[in-house]
Amino acid sequence: MGLVSPLFALVDCNNFYVSCERVFNPRLEGKPVIVLSNNDGCAVARSNEAKALGIKMGAPLFKIRDRVKTHGIQVYSSNYALYGDMSQRVMKTILNFTPDIEIYSIDEAFLDLSHLSRCDITAYGRRIKATIKKWTGIPVSIGIAKTKTLAKIAGGIAKKSQKTGGVLDLTISPCLDRSLALTDVKDIWGVGPAYSRFLKENNINNALQLRNVNNNTFIKKKMGVPGLRLIQELQGISCYPLEISPPPKKGITVSRTFKHPVETLSEVEKAIATFISMGAKKLRKERSVAGVLMVFIMTSRFRKGHQYYNMGTIRLPVPTSDTSELMKYAGKGLRKIFRKGYNYKKAGIIYKELRPENQIQTVFFDCKDRNRSVKLMQTLDEINEKIGPGTLKYASAGLINDRQWQPVSNYRSRSYTTNWDQLLEI
DNA sequence: TCTGGGGTCCTAGGACCC
DNA sequence: TCTGGGGTCCTAGGACCC
């Protein structure tokens, strides 16, 4: 530690969701393809061809229907079972090269390459890229640099520039400055719309200009401590180390936008009950219990006029991951915030103050039989694991066909890799 | 009548990420 | 008509305490 100066690589899957669909449907190669968010709402992944047609990230499907039609854009509902499984395959492939990997998101990983001999770094990157493509079918770009922020910039250029062949090492300085000058501030990791506007108002337009800023207090005032770290990272001083084992989660959220607005308390109750159950399952998978439960409901933020948003917070007497107990409290919370006369478009639950399940302190007057509840939940999870999700559930979540709020996905591909009934046919 | 200052904790909101 | 979901961190301001 500390003897070797750090060297990071960022492995970033290209248009990940689209690439996953292409692995199992090669006819999509070379065609414009988009993958939609929940409820087939917005485009959340676009192939290069779709980007070239001007389809923006997050564009609502109903606004791009005409282009979809005229250009024959291939449309897919998101298939998270497939993407999650493909992600695992990519990460396992990387682990064949080094154990020092931080899985940063479903389609990105940081690698620590500090201990590698510096002369053949780019060749090493190319081997990783070729192996991932060969073993999983997923194309990736790789950026290499002294800090994570610089590796992100390198990866961004590697993805766009044909010349790099998908791998760019920015440790060599003339190349570094040129790349920074070519990087718009809005494309820097950690710079969003607000900071981008602020920087441009002050004539800081690219990453090189930001790196060379000498008035730190003015940055600190507007962008806080993260702003200062950002500049350091651009200067090659690493502020964000590799995090090999992920820190424990601080909260678990389950929320959905309803395709059709929901008016009645009983409909919202069913949705909330379902979210409680989904979230409780996640809690148990993490071997955690929640100390605080929050319930929220809201009307559409795109609608003019009467809006309503509210959140109910409930401190649980004893932290728990028991579905029926959580449902009881969620119902109370919901009834506190529910108002008649609104069209609700979205609702959700949040579990907070998570802690390991083996650290619960019971209160003296706790009358619930906790051992029995733990056994019941284990049985429930096992049955749903074996026979299929949703085999056993609580009646309060509603029966399959009376859920008006339930999501739609009209363009779903099959779960090629995770469901025996949906394997690829040849 | 004159009425301090420092510390902690909590929460809401803003900013960012994918 | 139709507009995603799940996270993190930081900061400012209020409540409260001594």
Side-chain angles (χ1 to χ4, degrees), chain A residues 10-17 34-45 55-66 68 75-80 83-84 87 102-110 148-149 152 155-156 185-199 219-230 233 239-240 243 246-261 275 278-279 282 286 291-292 294 296 298-304 309-311 313 315 343 345-354 407-411:
Chain A
L10 173 73
V11 177
D12 190 353
C13 300
N14 299 343
N15 318 327
F16 182 57
Y17 296 173
I34 59 173
V35 176
L36 304 172
S37 62
N38 247 27
N39 274 322
D40 296 337
C42 307
V44 291
I55 306 292
K56 296 274 184 282
M57 179 64 180
L61 179 62
F62 74 91
K63 284 190 179 172
I64 56 174
R65 285 257 187 226
D66 46 339
V68 166
V75 177
Y76 284 86
S77 303
S78 38
N79 185 341
Y80 292 108
Y83 312 149
S87 173
E102 172 186 339
I103 298 174
Y104 176 66
S105 73
I106 193 166
D107 66 339
E108 281 173 70
F110 285 106
K148 284 181 168 178
T149 305
K152 275 280 206 179
V185 285
K186 75 171 196 307
D187 298 323
I188 303 170
W189 194 43
V191 177
Y195 293 163
S196 170
R197 203 178 326 116
F198 161 72
L199 291 170
I219 294 290
K220 166 102 198 282
K221 205 167 169 200
K222 201 75 178 183
M223 301 172 59
V225 173
L228 298 183
R229 289 196 190 126
L230 173 49
E233 285 254 318
C239 302
Y240 302 105
E243 286 181 6
K249 272 194 169 58
K250 304 208 160 157
I252 287 176
T253 303
V254 180
S255 74
R256 290 292 179 277
T257 298
F258 307 141
K259 190 74 187 177
H260 304 288
F275 304 155
M278 292 161 78
K282 289 190 198 178
E286 295 261 320
V292 164
M294 297 190 268
F296 66 90
M298 62 176 83
T299 51
S300 169
R301 65 182 204 276
F302 299 103
R303 272 297 225 301
K304 292 267 177 278
Y309 167 84
N310 211 344
M311 177 147 77
T313 304
R315 176 163 292 281
N343 284 317
K345 251 320 240 187
K346 183 173 179 170
I349 61 102
I350 306 172
Y351 296 134
K352 286 271 203 191
E353 294 191 16
L354 310 190
V408 297
S409 52
N410 293 324
Y411 314 96

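Sequence lines set the chain letters: A, B, ... in the order given, protein chains first and strands last, and positions in each chain run from 1.
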**Q.** Spacing between Leu230(A) atom CG and dC17(B) atom P, to the nearest angstrom
**A.** 10 Å

Q.
From the set dG5(C), dC18(B), dG4(C), return the single nucleotide nearest to any side-chain atom of Val44(A).
A. dG4(C)

(Q) I want to check one thing: is the phosphate of dG5(C), taken as OP1 and OP2, less than 4.0 Å away from some side-chain N or O of Asn38(A)? (A) yes

Q. Any Lys/Arg nitrogen of Glu243(A) or Lys148(A) sitting under 4.0 Å from an Asp/Glu carboxylate oxygen of the other?
A. no

Q | Presence of Thr257(A) side-chain N/O under 4.0 Å of dG5(C) phosphate oxygens OP1/OP2 | A | yes

(Q) Which nucleotide wins on minimum distance to the side chain of Tyr195(A), given the candidates dC17(B), dA15(B), dT3(C)? (A) dA15(B)

Q | Whole angstrom value for the distance that separates P of dT8(C) from OH of Tyr240(A) | A | 16 Å

**Q.** Any Lys250(A) side-chain nitrogen or oxygen under 4.0 Å from OP1 or OP2 of dG7(C)
**A.** no

Q | Rounded distance in Å - CD1 (Ile349(A)) to C1' (dG6(C)) | A | 12 Å

Q: Indicate, with a heavy-atom threshold strictly under 4.0 Å, whether Lys148(A) touches base, sugar-phosphate, or nothing.
A: nothing

Q: Figure out the CD/P separation between Glu286(A) and dG6(C), and round it to whole Å.
A: 14 Å

Q. Got Tyr104(A) and Asp12(A) here, is their nearest side-chain heavy-atom distance under 4.5 Å?
A. no

Q | Rounded interatomic separation in angstrom, taking OH from Tyr351(A) and P from dG7(C) | A | 12 Å

Q | Phosphate contact (dC10(C) OP1 or OP2) by Arg229(A) side-chain N/O below 4.0 Å | A | yes

Q.
What's Asn39(A) touching, base or sugar-phosphate or nothing? Going by heavy atoms closer than 4.0 Å.
A. nothing

Q. Reckon Lys222(A) has a side-chain N or O less than 4.0 Å from the OP1 or OP2 of dA15(B)?
A. no

Q | Short side-chain to backbone donor-acceptor contact, Glu233(A) and Cys239(A), under 3.5 Å | A | yes

Q: Give the nucleotide from the list dC2(C), dG7(C), dT3(C) with an atom nearest to the side chain of Arg303(A).
A: dC2(C)

**Q.** Residue pair Arg315(A) / Glu353(A), side-chain heavy-atom distance below 4.5 Å
**A.** yes

Q. Contact class for Leu61(A) (heavy atom, under 4.0 Å): base, sugar-phosphate, or nothing?
A. nothing

Q. Of all the choices, dA15(B), dT3(C), dC18(B), which nucleotide is nearest to the side chain of Ala194(A) once you look at every atom?
A. dA15(B)

Q.
I want to check something: taking the side chain as every heavy atom from C-beta on, are Val11(A) and Glu108(A) in contact at a cut-off of under 4.5 Å?
A. no

Q: Nearest-nucleotide wise, let me know which of Lys345(A) and Lys352(A) is further upstream toward the 5' end of DNA chain C.
A: Lys345(A)

(Q) Counting C-beta onward and ignoring hydrogens, is there a side-chain heavy-atom pair between Lys56(A) and Ile64(A) closer than 4.5 Å? (A) no

Q.
On the nucleotide dC17(B), are OP1 or OP2 found under 4.0 Å from the side-chain N or O atoms that Ser105(A) carries?
A. no

(Q) Tell me if a side-chain donor or acceptor on Ser78(A) pairs with a main-chain N or O of Leu36(A) at a distance below 3.5 Å. (A) yes

Q: Look at the side chain of Pro193(A) and decide which nucleotide, out of dC16(B), dG6(C), dT3(C), has an atom nearest to it.
A: dC16(B)

Q.
Need the pair for dC9(B). Rule: Watson-Crick or G-U wobble, both distances under 3.5 Å, any strand; none if unpaired.
A. dG14(C)

Q. Tyr104(A) OH to dG7(C) P: how many Å, rounded?
A. 15 Å

**Q.** Value in whole Å for how far the C1' atom of dC2(C) lies from CZ of Phe62(A)
**A.** 5 Å

Q.
For the P atoms, the ones on dT3(B) and on dC18(C), what distance do you get once it is rounded to whole angstrom?
A. 24 Å

Q: Please tell me which of Lys220(A) and Arg256(A) maps to the more 5' nucleotide of DNA chain C, matching each residue to the nucleotide holding its nearest heavy atom.
A: Arg256(A)

Q | Separation of atom CG in Asp40(A) from atom P in dG4(C), rounded to whole Å | A | 12 Å

Q: Please determine, for the side chain of Lys282(A), which listed nucleotide (dG7(C), dG5(C), dC2(C)) has the closest atom?
A: dG7(C)

